[in-house]
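Note that the numbering runs from 1 along the sequence shown for the chain.
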Amino acid sequence: MARPTRRPTTPAAPAAPAGPAPCPCGLPAPYDACCGPFHRGAAVPPTAEALMRSRYSAFAVRDEPYLLRTWAAATRPAALGLDAATRWTGLEITATTGGTAFHTRGTVAFRAHYTASGAPGVLGELSRFAREQGRWVYVDGTFSG
């Protein structure tokens with residue numbers, strides 16, 4: 001998932017939800033049972049959509065190492081410099097193609113809601129995913145309205 005234009009900042013330590021807090025990805029499960037295991041490396045997302053949700057959650061908790069680890073080697077930046085002033089507030093998956101155990105590629109269209117310096121915003125993207133060494137990775141995305 002790409003992110004809104006922002007000023008570079010130094011990476012902040014992940015701010016993962018504690019205990020039974022809801023997962024930022026929007027699924028009805030606590031973070032520790034949903035995206036938390038992916039972020040900790042205890043599990044890998046089984047589908048492109050699950051990877052998209054876990055990457056959104058990683059933006060929400062500012063887990064830059066996870067975002068870089070799940071980015072395709074050919075398109076991965078050296079660093080992200082996540083903006084601590086941006087708060088991710090909700091995710092809507094609007095469409096998916098492929099991206100299951102039976103595919104090597106997939107797409108996920110989504111709308112990610114956020115506030116930046118107190119102002120609300122929405123980022124729409126059609127993200128492309130591929131399998132790299134058997135794991136789903138984010139390749140790139142095209143912004144949408």
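The main-chain N or O of Leu80 is found under 3.5 Å from a side-chain atom of Glu64 such that the two form a donor-acceptor pair. Not a single donor-acceptor pair under 3.5 Å links the side chain of Arg128 to the backbone N or O of Val139.
Residues Trp71 and Arg55 meet the side-chain proximity criterion, which asks for heavy atoms closer than 4.5 Å.
With sequence neighbours left out, the side chain to side chain donor-acceptor pair (under 3.5 Å) criterion links Thr89 to no other residue. With sequence neighbours left out, Glu132 forms a salt bridge (Lys or Arg N to Asp or Glu O under 4.0 Å) with no residue at all. Judged as a side chain to side chain donor-acceptor pair (under 3.5 Å), and not counting sequence neighbours, Ser57 has no contacts. The side chain to side chain contact (heavy atoms under 4.5 Å, CB included) test applied to Pro28 returns no partner, not counting sequence neighbours.
For the residue pair Arg76 and Leu68, the shortest heavy atom distance occurs at NE-O, 2.8 Å. The two residues Leu51 and Tyr66 have their closest heavy-atom pair at CD1-OH, 3.6 Å. The heavy-atom pair separating Trp136 from Pro46 by the smallest distance is NE1-O, 3.3 Å. Closest approach of Met52 and Ser127 over heavy atoms only: SD-OG, 4.1 Å.
Taking the centre and axis of the six-membered ring of Trp88, the NZ or CZ atom of Arg62 falls outside the cone set by 45° and 6.0 Å.
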Taking only distance into account, with no hydrogens and no angle test, what donor-acceptor pairs under 3.5 Å do side-chain atoms of residues 102-110 form with protein atoms, sequence neighbours excluded?
residue, atom, partner, partner atom, Å
His103, ND1, Thr100, N, 3.2
His103, ND1, Thr100, OG1, 2.8
Thr107, OG1, Thr97, OG1, 2.4

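One finds the OG1 atom of Thr142 at 7.0 Å from the CD atom of Glu125 (value rounded to the nearest 0.5 Å). Rounding to the nearest 0.5 Å gives a distance of 8.0 Å between CZ of Arg53 and SG of Cys34. To the nearest 0.5 Å, the span separating OH on Tyr56 from CG on Leu67 amounts to 12.5 Å.
Each side-chain hydrogen bond (donor to acceptor under 3.5 Å, both in side chains) pair with one or both residues in residues 33-47, not counting sequence neighbours, appears once here: Tyr31-His39.
Cluster annotation: Phe38 and Ile93 are assigned to the same hydrophobic cluster (Ile/Leu/Val/Met/Phe/Trp/Tyr, side-chain heavy-atom contacts under 4.5 Å, transitive). Note on Tyr114: it clusters hydrophobically with Phe59, by side-chain heavy-atom contacts below 4.5 Å among ILVMFWY residues.
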